[in-house]
Amino acid sequence: MKKTNKFGRRGWTPDRISSLEGKTYVITGANSGAGFEATRILLKKGASVIMMNRSIDKSNVAISELHREFGRDAKVSLVVLDLASLQSVREAAVNLLGKTSQIDALICNAAIAQIAKKALTIDGFESQLGVNHLGHFLLCSLLFECIEKSSGRIVMVGSQGYKMGEKRIRFEDINYEQDYTAWNSYAQSKLAQMIFGYELQRRVAAARKEVVVQVCHPGASRTNLINETASLRDRILSRTILPLIAQSAERGAWPEVMCATEEELESQKFYGPTKRAETVGPVGECSLDPCALDEEAAKELWALSEEKVGYKWSI
Ligand SMILES: NC(=O)c1ccc[n+]([C@@H]2O[C@H](COP(=O)([O-])OP(=O)(O)OC[C@H]3O[C@@H](n4cnc5c(N)ncnc54)[C@H](OP(=O)(O)O)[C@@H]3O)[C@@H](O)[C@H]2O)c1
């Protein structure tokens, strides 16, 4: 059944945001693509943004661009974070909490995708699962108390790719020792992020915590996601076909900004562009495959993630 968009024909746009003066947003992977564009939108509305990026050089370039646009007083800063290292995640959380006692939203945006040749993180996890899910899982747990004190939000940036792989978590072979493909392992990592997001939403509601959790996706957006680590075929596709069918990185940022700021959102929903198989167009509620809401898988994934990152949540 076709859904009507509660934000009207144009869908949600940043025009719905009034002032964000006094608010602090934390975005992972904000030097590029949707994360960078989300930073621009939030700064334009008067917020402070703390980027959590892995590259100091790329971050300096991004911050210089933002200073050119918004002036030297633009409230943007950097905490170095490499999601491929649990030690880096722990250090980054400490550094972040030393900089701010307020997090109005943590946007889990950073990701790697389509890694053609299987790689492992420093801690020995298949790289996409390690960076996209396990790194963010630990970061969310370490920042949760601060987010709760701020009555803040956690925004999980998923992907329509979650339902294009095996549509399940390979608990028996989480690292893809068998039959590794770039696509299936990316799909697993995004599904894991989404299952985690919806499980956190349920746990927060059950514990009556003052934290909002939302899950979204940017559709198909022109960003740097497919790069030299992808196969030649995927790189060619991303340079030839994708630019023709994808939307701008700025439009790709709208769902995550919406989930970080908008009041009129519901639980157990998936937000993103709603046209052309939900890859572009007006932002609103998208369809959601039941595999992302599987509560049994969520419990198993939660326990496994706690064990892998060595942190037990009290929620
Ligand atoms: N673009 C699309 O069509 C599309 C479609 C579906 C979902 N998504 C999702 O959208 C989100 C944003 O991606 P994007 O498309 O904007 O791609 P992007 O331009 O490549 O941005 C990804 C960001 O993540 C950072 N990152 C990668 N590995 C990291 C690590 N180990 N530690 C910390 N940061 C790391 C990157 O840093 P570096 O610059 O240092 O690499 C970059 O800042 C991702 O969650 C992605 O899965 C995108």
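We count residues from 1, following the sequence as given. Note that ligands are numbered from 1 as they come in the structure, with each ligand's atoms numbered from 1 the same way.
- Using a 4.0 Å cut-off to heavy atoms of V157, the atoms of ligand 1 that qualify are 10 (O), 11 (C), 45 (O).
- Relative orientation of the F137 and W302 rings is perpendicular, given thresholds of 30° and 60° on the angle between their planes.
- A donor-acceptor pair under 3.5 Å is formed between the side chain of E306 and the backbone N or O of W313.
- The shortest N or O to N or O distance between A220 and ligand 1 is not under 3.5 Å.
- Across T279, V80, L139, T223, heavy-atom proximity to atom 14 (P) of ligand 1 is greatest for T223.
- Distances from ligand 1 to the non-hydrogen atoms of G252 include no value under 4.0 Å.
- Closest to atom 6 (C) of ligand 1, if we only count protein heavy atoms, is S159 OG, 3.4 Å.
- Judged by distance alone, the side chain of E166 and the main-chain N or O of Q188 form no donor-acceptor pair under 3.5 Å.
- Under 4.0 Å from ligand 1, the heavy atoms of K190 that appear belong solely to its side chain.
- With respect to atom 31 (N) of ligand 1, the closest heavy atom belonging to the protein is D82 OD1, 2.9 Å.
- Here the heavy atom of the protein found nearest to atom 39 (O) of ligand 1 is N31 ND2, 2.9 Å.
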Check against side chain to side chain donor-acceptor pair (under 3.5 Å), Q160 and T279: CA-CA 8 Å; Q160 290 287 20; T279 55; over 6 Å; no
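- A donor-acceptor contact shorter than 3.5 Å links the side chain of S238 to the backbone of R235.
- Of all atoms in ligand 1, listed by their number and element, those nearer than 4.0 Å to a heavy atom of L81 are 32 (N), 33 (C).
- Applying the 4.0 Å criterion to heavy atoms of A34 picks out, from ligand 1, the atoms 16 (O).
- Ligand 1 places these atoms under 4.0 Å from at least one heavy atom of G158: 7 (C), 9 (C).
- Annotation: atom 34 (N) of ligand 1 to nearest protein heavy atom, A110 CB, 3.6 Å.
- Panel note: side chain T24, backbone D104; no donor-acceptor pair is recorded below 3.5 Å.
- Of the heavy atoms in K58, only side-chain atoms (C-beta onward) come closer than 4.0 Å to ligand 1.
- Atom 23 (C) of ligand 1 has as its closest protein heavy atom G29 O, 3.6 Å.
- Taking the six-membered ring where tryptophan is involved, the planes of Y186 and W183 are tilted, since the angle between them lies from 30° to 60°.
- The aromatic rings of H133 and F196 sit perpendicular, their planes meeting at an angle over 60°, well past the 30° parallel limit.
- Under 4.0 Å is where a charged nitrogen must lie from a carboxylate oxygen, and between E285 and K6 no such pair does.
- Of the possible donor and acceptor atoms, none in the side chain of N53 sits under 3.5 Å from a partner among the backbone N and O of S59.
- Those atoms of ligand 1 that come under 4.0 Å of a heavy atom in G219, given as number and element, are 2 (C), 3 (O), 4 (C), 5 (C), 6 (C).
- The nearest non-hydrogen atom to atom 32 (N) of ligand 1, considering only N227, L83, I245, V89, comes from L83.
- Geometrically, ligand 1 and I112 share no nitrogen or oxygen pair separated by less than 3.5 Å.
- K75 places a side-chain N or O within 3.5 Å of a backbone atom of G46 that can act as its donor or acceptor partner.
- Of the heavy atoms in Y186, only side-chain atoms (C-beta onward) come closer than 4.0 Å to ligand 1.
- When D57, L225, I27, N53 are ranked by how near their heavy atoms come to atom 20 (O) of ligand 1, first place goes to L225.
- Within the listing of ligand 1, atoms 22 (C), 24 (O), 27 (C), 44 (C), 45 (O), 46 (C), 47 (O) sit less than 4.0 angstrom from a heavy atom of A111.
- Electrostatic pairing of E177 and K118 counts as a salt bridge here, judged by a charged N lying under 4.0 Å from a carboxylate O.
- Between V131 and the options D82, T28, I112, a side-chain contact (heavy atoms from CB on, under 4.5 Å) holds for only I112.
- Residue G35 has no N or O atom closer than 3.5 Å to an N or O atom of ligand 1.
- Ion pairing between R16 and E263 fails under the 4.0 Å rule for side-chain N and carboxylate O.
- At the shortest separation from atom 40 (O) of ligand 1 among protein heavy atoms lies R54 NE, 3.0 Å.
- Here atom 45 (O) of ligand 1 lies nearest to N109 when heavy atoms of T28, I226, I56, N109 are compared.
- Of the candidates S32, P218, G272, G33, the one placing a heavy atom closest to atom 8 (N) of ligand 1 is P218.
- The protein heavy atom nearest to atom 3 (O) of ligand 1 is S221 N, 2.8 Å.
- Remark: the backbone N or O of P14 is paired with a side-chain donor or acceptor of K45 at under 3.5 angstrom.
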